[in-house]
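For reference, the structure is listed below as structure tokens.
Both counts, for ligands and for their atoms, begin at 1 and track the order of listing. Every heavy atom of this structure was used, including side-chain atoms; hydrogens, water molecules and symmetry mates were not. Note that this is a predicted model, so its numbers are computed, not measured.
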Amino acid sequence: MPKSRKPLALSVTVPAQDLSHPVLVGAGVLARLGTEMKRSLPEARRVALVSDENVMALHGDAAQASLEAAEFAVVRVVTPAGERAKQPDELVSLVGTLVGSGLGRRDALVALGGGTVSDLAGLAAALFMRGIALFNVPTTLLAQVDAAIGGKVAVDLPSGKNLLGTFHFPIAVLVDPELLVTLPDVEVRCGIAEMLKHGALFSADHFDQVAEGAASIRAHEPEITSRLVGTSLALKASCIARDPLEQEAGNSGRALLNLGHTLAHAIERASSYEVRHGEAVALGLRAAARVSERKHVASESGLEERMTAALAAAELPTDLDAWLVAARGDDVARALSNDKKRGFGSIAYIALARIGEPARLSLTPAEIMGLLRGEAAPC
Ligand SMILES: NC(=O)c1ccc[n+]([C@@H]2O[C@H](COP(=O)([O-])OP(=O)(O)OC[C@H]3O[C@@H](n4cnc5c(N)ncnc54)[C@H](O)[C@@H]3O)[C@@H](O)[C@H]2O)c1
């Protein structure tokens with residue numbers, strides 16, 4: 001028997017990393033991509049401009065021109081559009097393209113697109129050579145107020161959404177509401193769902209302004225869109241600043257941003273991703289309001305009604321009950337049980353005390369489905 005010896009105890013000291021980065025919001029800021037990149041990364045030479053097939057065709061030339069005017073060599077990489085891009089094989093293929101393009105550790109990647117592009121390309125930027133600089137240029141409303149902000153990057157696995165991922169904070173984010181003019185209306189509505197989520201969590205005023213301004217956002221009125229996009233992403237940014245790596249379990253951590261997402265991810269999965277993320281979030285928000293009422297954590301009466309009215313104002317789906325019954329309901333229940341936030345059978349479920357004030361619950365998937373279906377006696 002070897003003699004047990006006292007281990008040599010050393011410590012590796014890692015100074016805290018500053019994850020702060022600028023977010024520029026304004027009509028036409030895409031034109032500043034090259035100069036902002038030069039300012040942040042004076043040693044970079046090559047830039048991988050990653051975009052999906054739709055967005056590259058619409059906005060790739062403008063982004064490339066700005067980068068080339070600042071003397072970067074641009075490598076264009078086109079990914080499939082939509083959720084099917086967020087697959088491990090697409091990730092490996094993208095990293096392979098970066099290797100083949102001769103990018104080095106001091107070079108950078110620009111994610112030009114919606115949340116699927118920023119999730120996939122952001123994860124590639126995190127992994128390629130153990131991490132290169134990432135610039136986010138979100139082109140959907142959802143990505144401008146949400147996905148491009150906060151450093152979460154991931155692809156999906158067959159067993160669930162976003163299961164293969166990490167944190168990789170961008171060096172900068174350029175939010176140009178003019179890019180939304182080409183965005184189909186259904187996608188604009190999806191972004192409005194995430195804006196309502198930010199209001200529901202942190203600001204009743206923002207919630208009401210988004211519901212009232214939904215038609216103006218959909219009509220691409222530049223002033224109101226810029227103002228509401230700026231407020232919405234600032235609400236998310238301040239939550240992230242409090243808990244950048246989602247370590248806090250209290251009532252201010254970034255896990256709150258999962259409001260509506262527990263059920264949304266289950267619906268997306270149960271529909272084989274036919275239902276868009278933002279549409280699923282809309283149903284998830286209604287579900288969260290219903291659970292809050294039925295669990296008696298809501299101090300505001302008529303919470304589900306108010307949430308449903310706001311979603312309807314943006315013509316977002318509100319037919320929650322259609323997802324709770326028959327075979328579809330069973331698929332949702334099964335997908336909910338696979339949720340990655342599951343711990344010892346319970347899910348950290350974000351509810352609402354009222355619009356503008358979140359509440360954390362710990363519920364099993366069966367309890368959530370029971371409450372939503374009205375089967376479980378509220379306690
Ligand atoms: N990482 C995060 O913090 C975070 C947060 C929220 C959502 N997400 C993820 O984001 C994804 C959804 O993102 P999304 O809703 O932006 O979808 P998306 O990226 O699939 O884009 C939606 C569609 O709009 C097209 N499009 C994008 N910009 C356009 C433009 N300006 N003009 C015309 N067409 C355009 C795309 O080609 C695509 O067909 C989901 O996978 C979700 O999980 C991530």
Inset, instruction - For Glu83, take its heavy atoms, then give the atoms of ligand 1 lying under 4.0 Å from any of them. - result: 40 (C), 41 (O)

Legend entry - Where ligand 1 meets Gly82 - atom numbers and elements under 4.0 angstrom, heavy-atom basis: 20 (O)

Legend entry - Nearest-0.5 Å distance that lies between atom CG in Leu336 and atom OG1 in Thr364: 9.0 Å

Legend entry - Per-atom contacts, ligand 1 versus Thr116 - under 4.0 Å to a heavy atom: 10 (O), 11 (C), 13 (O), 18 (P), 19 (O), 20 (O), 41 (O)

Inset, instruction - Of the side chain and backbone of His59, name the one, both, or neither that has a heavy atom under 4.0 Å from an atom of ligand 1. - result: side chain

Legend entry - Contacting atoms of ligand 1, where contact means under 4.0 angstrom from a heavy atom of Lys161: 40 (C), 41 (O), 42 (C), 43 (O)

Inset, instruction - Select one of side chain, backbone, both or neither to describe which atoms of Ala85 lie under 4.0 Å from any atom of ligand 1, heavy atoms only. - result: neither

Inset, instruction - Report, in ascending order of atom number, the atoms of ligand 1 lying under 4.0 Å from any heavy atom of Asn54. - result: 36 (C), 37 (O), 39 (O)

Inset, instruction - Would you check if there is a donor-acceptor pair between the side chains of Glu194 and His277 at a distance under 3.5 Å? - result: yes

Inset, instruction - Please tell me if the side chains of Trp323 and Val275 come closer than 4.5 Å, counting only heavy atoms from C-beta onward. - result: yes

Legend entry - Closest approach of any protein heavy atom to atom 28 (N) of ligand 1, naming residue and atom: Thr139 OG1, 2.7 Å

Legend entry - Atoms in ligand 1 flagged as close to Asp52, the criterion being non-hydrogen separation under 4.0 Å: 36 (C), 37 (O)

Inset, instruction - Pull out every atom of ligand 1 sitting under 4.0 Å from any heavy atom of Gly115, numbered as shown with elements. - result: 10 (O), 11 (C), 13 (O), 14 (P), 16 (O), 19 (O)

Legend entry - Within-cut-off N or O pair, Lys152 and ligand 1, under 3.5 Å: yes

Inset, instruction - Could you establish whether Gly191 and ligand 1 come within less than 4.0 Å of each other, counting only heavy atoms on the residue side? - result: no

Legend entry - For atom 8 (N) of ligand 1, closest protein heavy-atom neighbour: Ala147 CB, 3.7 Å

Legend entry - Shortest protein heavy-atom distance from atom 6 (C) of ligand 1, along with the residue and atom involved: Asp146 OD2, 3.5 Å

Inset, instruction - Specify side chain, backbone, both or neither for Lys236, according to which of its non-hydrogen atoms lie closer than 4.0 Å to ligand 1. - result: side chain

Legend entry - Region of His277 engaging ligand 1 - heavy atom pairs below 4.0 Å: side chain

Inset, instruction - Would you check if the side chain of Thr225 reaches a backbone N or O of Pro222 as a donor-acceptor pair within less than 3.5 Å? - result: no

Inset, instruction - Give a yes or no on whether a salt bridge exists between Arg84 and Glu53, defined as a side-chain N under 4.0 angstrom from a carboxylate O. - result: yes

Legend entry - Candidate with minimal heavy-atom separation from atom 31 (N) of ligand 1, of Val181, Leu183, Leu179: Leu179

Legend entry - Nearest non-hydrogen protein atom, atom 32 (N) of ligand 1: Thr182 OG1, 2.7 Å

Inset, instruction - Please report which non-hydrogen protein atom sits nearest to atom 21 (O) of ligand 1, along with the residue it belongs to and the distance in Å to one decimal place. - result: Thr140 CG2, 3.7 Å

Legend entry - Protein contact to atom 34 (N) of ligand 1 [nearest heavy atom, distance to 0.1 Å]: Pro184 CD, 3.8 Å

Legend entry - Side chain, backbone, both or neither: the part of Ala81 lying under 4.0 Å from ligand 1 by heavy atom: side chain

Legend entry - Region of Asp119 that comes within reach of ligand 1 [heavy atoms, distance under 4.0 Å]: side chain

Inset, instruction - Inspect the contact between Lys86 and Glu83 and indicate whether a charged nitrogen and a carboxylate oxygen are less than 4.0 angstrom apart. - result: yes

Inset, instruction - For the pair Phe169 and Phe167, name the ring-plane relationship: parallel under 30°, tilted 30 to 60°, perpendicular over 60°. - result: parallel

Inset, instruction - Decide, yes or no, whether a salt bridge links Glu300 with Arg306 under the criterion of side-chain N to carboxylate O below 4.0 Å. - result: yes

Legend entry - Polar proximity ligand 1 side, His261 side, N/O cut 3.5 Å exclusive: no

Inset, instruction - For Asn162, counting its heavy atoms only, list the atoms of ligand 1 lying under 4.0 Å from any of them. - result: 43 (O)

Legend entry - Donor + acceptor pair across side chains of Ser203, Asp205 (<3.5 Å): no

Inset, instruction - Spell out, as yes or no, whether a donor-acceptor pair under 3.5 Å connects the side chain of Asp176 to the backbone of Val29. - result: yes

Legend entry - Heavy-atom side-chain contact between Val55 and Val117 under 4.5 Å: no

Legend entry - Any side-chain donor near an acceptor of the partner, His206 and Ser232, under 3.5 Å: yes

Inset, instruction - Inspect the contact between Arg189 and Glu279 and indicate whether a charged nitrogen and a carboxylate oxygen are less than 4.0 angstrom apart. - result: no

Legend entry - Short side-chain to backbone donor-acceptor contact, Lys236 and Ile149, under 3.5 Å: yes

